[in-house]
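The structure appears below as structure tokens.
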Amino acid sequence: MDFIDFAAPSHLVAPQLIGCQFFVNNVGGVIVEVEAYDQAEPASHTFSGPSLRNAAMFGPPGCAYVYRSYGIHWCLNFVCSPADHGAGVLIRAIEPTAGIENMRERRGGIINERLLCSGPGRVGQALAIGPHLNGASLAASPFKLLPPQAPVRWIQGPRVGISKAVDLPWRFGALDSPFLSRPFRH
DNA sequence: GCGACGATTGGCT
DNA sequence: GCCAATCGTCGCC
């Protein structure tokens with residue numbers, strides 16, 4: 001995973017992740033949608049400084065930050081920027097390519113491949129993300145992150161489901177991918 | 001100590 | 001399109 005400099009600002013790392021292959025225990029696929037977050041911006045979990053929950057985001061870059069969303073879902077971020085900066089990239093959607101049967105079972109027998117990993121909560125469930133992975137290095141097992149196999153066309157727009165800093169266009173996605181959690185306006 | 005509110009999803013009208 | 005599910009975190013009394 002040294003083909004990406006995770007010590008860079010999250011909004012510069014985010015588009016580089018589009019098209020990358022990502023696996024947890026060899027289950028996963030192509031990253032098609034992400035969002036960047038930064039301590040300087042009020043929609044981020046790190047806006048109010050370090051806490052027990054967001055500690056991993058203030059740790060070394062290139063690690064995972066896992067949090068519970070709405071008391072129900074586990075969501076995965078890649079920590080960015082120098083340690084103590086409090087920034088990261090939320091993985092919002094993946095095009096499934098490996099371990100599809102495994103993902104189907106975890107997702108409750110869902111048949112439509114488009115619905116397996118199209119949303120941060122769905123990615124967490126399909127890849128079996130949990131608190132045991134919070135703070136773990138993306139360079140080691142069970143993670144595997146590989147560069148894009150082909151040139152990537154990406155698009156950016158407003159982030160989803162937030163009420164602050166709504167004008168920041170920090171959601172990034174693969175152009176016209178059918179596996180996005182929702183389409184981009186263009 | 002208490003209460004409001006999510007970086008969401010799935011089911012129902 | 002609307003709303004319940006579900007619970008940890010954080011702000012405020």
Side-chain angles (χ1 to χ4, degrees), chain A residues 6 9-18 22 24 29 31-59 61 63-81 85-96 103-136 138 154-174 177-185:
Chain A
F6 281 100
S10 58
H11 69 281
L12 299 182
V13 173
Q16 299 180 58
L17 289 171
I18 302 300
F22 179 68
V24 181
I31 297 175
V32 295
E33 183 184 339
V34 300
E35 281 176 359
Y37 289 88
D38 188 282
Q39 184 179 9
E41 155 267 309
S44 173
H45 287 174
T46 55
F47 183 64
S48 301
S51 69
L52 198 54
R53 172 174 74 151
N54 65 27
M57 282 251 257
F58 288 94
C63 291
Y65 162 55
V66 177
Y67 73 94
R68 199 149 169 71
S69 175
Y70 288 87
I72 302 171
H73 310 286
W74 292 103
C75 299
L76 173 67
N77 293 251
F78 294 172
V79 177
C80 295
S81 300
H85 193 84
V89 174
L90 171 69
I91 308 302
R92 286 193 57 90
I94 289 174
E95 174 180 345
M103 289 191 262
R104 272 200 232 278
E105 289 173 27
R106 292 167 178 167
R107 294 272 301 118
I110 283 191
I111 298 170
N112 190 342
E113 238 173 74
R114 286 190 184 197
L115 299 178
L116 284 182
C117 304
S118 59
R122 292 167 173 168
V123 168
Q125 190 177 25
L127 302 196
I129 300 299
H132 59 292
L133 295 173
N134 191 34
L138 297 172
W154 53 266
I155 185 171
Q156 65 183 305
R159 293 174 292 182
V160 174
I162 55 170
S163 56
K164 300 162 191 164
V166 292
D167 291 334
L168 220 44
W170 278 8
R171 173 179 177 240
F172 302 84
S177 168
F179 296 93
L180 298 173
S181 68
R182 30 195 332 183
F184 284 81
R185 274 200 59 150

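Only a predicted model underlies this, so the values are computations on that prediction, with no experimental measurement involved. Side-chain atoms are counted along with the backbone in the values below, which use heavy atoms only and exclude waters and symmetry mates. Proteins get letters first, then strands, A, B, ... in listed order; numbering begins at 1 in each.
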Rounded to the nearest 0.5 Å, what's the gap from [atom1] on [X] to [atom2] on [Y]? Could you check?
| X | Y | atom1 | atom2 | answer |
| --- | --- | --- | --- | --- |
| A:Y37 | A:T46 | OH | OG1 | 11.0 Å |
| A:S118 | A:E95 | OG | CD | 11.5 Å |
| A:L133 | A:L76 | CG | CG | 8.0 Å |
| A:S177 | A:I31 | OG | CD1 | 12.0 Å |
| A:L168 | A:D38 | CG | CG | 9.0 Å |

Can you name the nearest heavy-atom pair linking [X] to [Y], along with the distance?
| X | Y | result |
| --- | --- | --- |
| A:P120 | A:L90 | CB-CD1, 4.1 Å |
| A:S181 | A:R92 | OG-NH2, 3.1 Å |
| A:H45 | A:Y65 | ND1-OH, 2.8 Å |

Polar side chain donor-acceptor pair, A:Q125 to A:R106, under 3.5 angstrom: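 There is no such pair between these side chains.
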
Strand-adjacent residues in residues 68-80 of chain A, judged by heavy atoms under 4.0 Å from DNA chain C: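 DNA chain C contact set from residues 68-80 of chain A: A:Y70, A:G71, A:I72.
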
For a quick check of understanding: with a heavy-atom distance under 4.0 Å over all strands, which category does [X] fall into, base, sugar-phosphate or nothing?
| X | answer |
| --- | --- |
| A:R107 | sugar-phosphate |
| A:R122 | sugar-phosphate |
| A:L90 | base |

Watson-Crick or G-U pairs under 3.5 Å in DNA chain B, rendered as dot-bracket with [ ] for crossing pairs and | for another strand: ||||||.|||||.

First encountered from the 5' end of DNA chain B, between A:G119 and A:S163: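 Looking at the nearest nucleotide for each, A:S163 comes out on the 5' side.
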
Distances under 3.5 Å only, N/O to N/O: pair up the protein atoms with those of nucleotides 9-11 of chain C.
{"residue": "C:dC10", "atom": "OP1", "partner": "A:S51", "partner atom": "OG", "Å": "2.7"}
{"residue": "C:dG11", "atom": "OP1", "partner": "A:S48", "partner atom": "OG", "Å": "3.2"}

First and last nucleotide of DNA chain B, 5' to 3', lying under 4.0 Å from heavy atoms of chain A: B:dG6 to B:dG10

Partner set under side chain to side chain donor-acceptor pair (under 3.5 Å) for A:N54, not counting sequence neighbours: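 A:N54 satisfies side chain to side chain donor-acceptor pair (under 3.5 Å) with A:S51 once adjacent residues are dropped.
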
Partner set under side chain to side chain donor-acceptor pair (under 3.5 Å) for A:Q156, not counting sequence neighbours: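 Result, side chain to side chain donor-acceptor pair (under 3.5 Å) vs A:Q156: none returned.
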
A:E35 side chain near A:F172 side chain, heavy-atom distance below 4.5 Å: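 Side-chain contact under 4.5 Å: no.
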
Result of checking A:R159, A:H11, A:K164 against A:E41 for side chain to side chain donor-acceptor pair (under 3.5 Å): A:R159

Euclidean distance for C1', C:dC3 against B:dC5 (whole angstrom):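 Comparing C1' positions in C:dC3 and B:dC5 gives a spacing of 16 Å.
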
